[in-house]
Amino acid sequence: MDILVVGSVAFDSVETPFGKVEEALGGSATYFSTSASFFADVAMVAVIGEDFPEKHVEMLKNKGIDTRGLTRVSGGKTFRWTGKYDYDLNQAHTLDTQLNVISDFDPKLPDDYKKIPYLFLANIDPELQMKVLEQVESPRLIACDTMNFWIEGKPGKLKELLKGVEMLVINEGEAREFASEANLVRAARTILSCGPKTLIVKRGEYGALMFNGNTVFSAPAYPLEDIFDPTGAGDSFAGGLIGYLANTGNLSEENIRKAIVVGSTMASFNVEAFSLDRLSKLTLDEINNRFKSFKKLTHFEDL
Ligand code: AMP
């Protein structure tokens, strides 16, 4: 196994200006691992309830994802998230969050999971992220995501967690909120002083920015004509990013730049359909072709 991820597995009810779904498959660990599975072997730590259909677990297994760490709680209800997007698709509005089985989850990693070299702490309760971090044995890379729900709900735990994280991947609005700073460059400096060496800021349709020491790198998002549902774009981005880093085993800044474009490529597919409908049917050829289009999109000659 190359990558260990802990995060949510969810039923999402989502409305965008282009349609809606009720109780569709979602969750940060689900999107992340499906996306990363195109590049590397992924093992998942998450919790589901009795109500979670086996066909969704089968979909993950068919992607080669190791689901031994996916715990089913008998009598429990799966995590549920209800969200809405207006015409500004960069901004998700949470209408309801039901933690359900996530509230009492106490993950115990199988022994072989503890030695997996790349760890991604996907968006979930920072106390749970910490419990996983405490069990692993010196991974090569520890990366992390979070969201406003936890920044507002458990800021102290999050700050403590960040001391042990090397790469933080979060949304632009959440970076500003976490740092209590409207200017993104200053917010990045504040966040980097909390522990992470690298900060990657996801900016929806405006792409992504990386702050690494004194350098900044900017990647665009792919200009798409048909966007249906941005849910999971951030997790698919992170899946492509960490998946590519694990695949190449190269953590140089040059390679992180390339991995960010792989992440943007995966996010661009994910938003073309609701839930995991696009990601689950994606092929490596499609990924390669869109990556090439990204290169053309950003290419320009010297003066
Ligand atoms: P994103 O990639 O940022 O669009 O993340 C979307 C996913 O995050 C959805 O599939 C939700 O199920 C999941 N999610 C929403 N709120 C939370 C939360 N508080 N904790 C963990 N996962 C969440």
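The figures that follow rest on heavy atoms only: side chains count, while hydrogens, waters and symmetry mates do not. Every number for a ligand or one of its atoms is a count from 1 in the order of the listing.
For the residue pair Tyr222 / Arg290, no side-chain donor-acceptor distance below 3.5 Å is found, with atom types taken as modelled. For the residue pair Ser13 / Arg80, no side-chain donor-acceptor distance below 3.5 Å is found, with atom types taken as modelled. Between the side chains of Asp285 and Thr283, no donor-acceptor pair is found at a separation under 3.5 Å.
Between atom 20 (N) of ligand 1 and the options Phe237, Trp81, Trp150, Phe149, the minimum heavy-atom separation is to Trp150. Of the candidates Ala122, Ala238, Ser275, Gly232, the one placing a heavy atom closest to atom 4 (O) of ligand 1 is Gly232.
Scanning the protein heavy atoms around atom 3 (O) of ligand 1, the nearest turns out to be Asp235 OD2, 4.3 Å. Looking at atom 10 (O) of ligand 1, its nearest protein heavy atom turns out to be Asp12 OD2, 2.5 Å. Here the protein heavy atom with the shortest distance to atom 21 (C) of ligand 1 is Asn123 O, 3.1 Å. Protein heavy atom at the shortest distance from atom 16 (N) of ligand 1 is Met147 SD, 3.3 Å. At the top of the distance list for atom 22 (N) of ligand 1, counting protein heavy atoms only, stands Ser8 OG, 2.8 Å.
For ligand 1, the atoms sitting less than 4.0 Å from at least one non-hydrogen atom of Tyr31 are 10 (O), numbered in the order shown with element in parentheses. The ligand atoms of ligand 1 that sit less than 4.0 angstrom from a heavy atom of Thr231 are 4 (O), 6 (C), 9 (C), 10 (O). Atom numbering of ligand 1 starts at 1 in the shown order; those under 4.0 Å from a heavy atom of Ala10 are 12 (O).
Between Phe120 and Phe32, the ring centre distance stays below 6.0 Å.
Contact between Phe79 and ligand 1 is present, with at least one heavy atom of the residue lying under 4.0 Å from the ligand.
Counting heavy atoms under 4.0 Å from ligand 1, residue Ser236 does not touch it at all.
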